[in-house]
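Both counts, for ligands and for their atoms, begin at 1 and track the order of listing.
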Amino acid sequence: DASESNKIKIKGHSLLQGARLRRSFLYVPAHKERFINKALTSAADCIVLDLEDGVAPSQRATARENIKNLLHRLDKEGYKVGENQRAELCIRVNHEGWLGSKHWAYRSDKDSVAPSQELDQDLELLAVPGSVKFPVTVVLPKTNTPYDLRNIRAVVMKKRQKLGRLGHDITRLAMIPTIETALAIMNLPRFSTHTKFFSAMVFAAEDYCASLGIPRTKDHSNMLLARSSIVTLCKMAGIPPIDMVCQDFRDLEVLKRECEEGVYLGFEGKQAIHPDQIDTINKVFSLSAEEVEWATALLEAVKKNDADGTGAFEFEGKMVDRPVFRKAENILEKHRLIEEFEKDRFVTK
Ligand code: 1VU
């Protein structure tokens, strides 16, 4: 356990270059209005209004209607007092991807694919005024190539053309792909040259295991390659990687252990399926007081010891040098980001 070798627990340090905070990523089956209301008053960093796996096909029309009503309400009245106005509102749309097909593994960037009827209806929600004003992020399941994202963007922009008169920037569209197949993992290097299309990346463990025909083992070791590859790509791009769901949603100890494992791998957040999971996730993916104290003291010591540019020195019984200074700087930067984000989160002007 790498953390035990440190005097205090030093978690993964952020390299997010000012990207927004996405620690807790709560799925909210959108056909349930009660869930939507609950999510809006929760401390989730991302509220993912789900039209996909959490919603039976027979309930999708109701789910779309609920989202449309919410967006109209936000557009006209804004947030109510006590609602989490800092949360990123997301919509998870229906997207089948091209599972396991060799043909699609080699799709060229010139290919353009028409959306299915379900997806087309889901994307209409991205062209109602509230979705541009707030703005709403698209969560795209079963994303297998970066061209999936490019295609979605093109469809949304076409639908949004009629909104130009609103005066908002209709070209702003944040997208978060969900990586859930062997094909997507093998295509990750292709995503690295298309990072402008997405602002975070999500790992979906259940679908990934199904795609490989493997069980989800207790130690998660059979998913290490996929999870680490996603983290590496995201850190290269300066965007947050978001870890798998903890299905054991009534057991917060299991959740805490999973969160810690995610942090050590470099994830910046975790998906949630129940509001009770949010506090644990937000806490573990934030910095502890000890970490902030350690980083502050180290950077003070650097000022004294390293003012003339000398490299390594001893701090609290350990050798420290430039990579450790960077770690301390990153800790303080992330801490500042979190403090700023939490300020006035539930106060509505
Ligand atoms: O106290 P209240 O009655 O006001 O609220 C209940 C309940 O309504 C609410 N709640 C939720 N609110 C927002 N989002 C949620 N996801 C959510 N879940 C519950 O919280 C209060 C307490 O609820 P509970 O303990 O009574 O829980 P239930 O028995 O009502 O629901 C449990 C399940 C697991 C069914 C529910 O949490 C749920 O449907 N979760 C989402 C499942 C989902 O979306 N699955 C697909 C996404 S995961 C994935 O695709 C991985 C990539």
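Looking only at protein heavy atoms, the nearest one to atom 34 (C) of ligand 1 is Phe249 CZ, 3.6 Å. Atom 5 (O) of ligand 1 has Lys38 CD, 3.7 Å as its closest protein atom, hydrogens excluded (heavy atom only). Protein heavy atom in closest approach to atom 17 (C) of ligand 1: Pro275 CD, 3.4 Å. Protein heavy atom nearest atom 31 (O) of ligand 1, with residue, atom name and distance: Phe35 CZ, 4.1 Å.
Checking Gln277, Glu206, Arg250, Gln271 against atom 26 (O) of ligand 1, the nearest heavy atom belongs to Arg250. Of the candidates His274, Arg92, Glu52, Glu33, the one placing a heavy atom closest to atom 25 (O) of ligand 1 is His274.
Aromatic rings of Phe285 and Phe25 (six-membered ring for Trp) have centroids beyond the 6.0 Å cut-off, not under it.
Note on ring orientation: taking the six-membered ring where Trp is involved, the planes of Phe313 and Phe315 are perpendicular (angle over 60°, cut-offs 30° and 60°).
Under a 4.0 Å criterion applied to the non-hydrogen atoms of Ile273, ligand 1 contributes the atoms 15 (C), 16 (N), 18 (N), 37 (O), 38 (C), 40 (N), 41 (C), 48 (S). Shown in contact with Arg34 at under 4.0 Å from a heavy atom are these atoms of ligand 1, numbered in order with element: 2 (P), 3 (O), 4 (O). Per-residue contacts place Val245 under 4.0 angstrom from the following atoms of ligand 1 (heavy atoms of the residue considered): 51 (C).
Between Asp243 and Gln271 the shortest heavy-atom distance is O-NE2, 2.7 Å.
In terms of N/O distances under 3.5 Å, ligand 1 is not approached by Lys32.
A salt bridge does not link Lys32 to Asp50: none of the charged side-chain nitrogens sits closer than 4.0 Å to a carboxylate oxygen. Residues Arg336 and Glu339 are not paired through a salt bridge, judged by the lack of any N-O separation under 4.0 Å between the basic side chain and the carboxylate.
Few gaps surround CD on Glu342; more than 12 heavy atoms of other groups in view lie less than 6.0 Å from it.
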Could you go through Arg64 and Asp122, starting from their C-alpha distance and side-chain angles, then the distance that decides it, and tell me whether this counts as side-chain contact (heavy atoms from CB on, under 4.5 Å)?
CA-CA 7 Å; Arg64 287 186 193 106; Asp122 295 349; 2.7 Å; yes
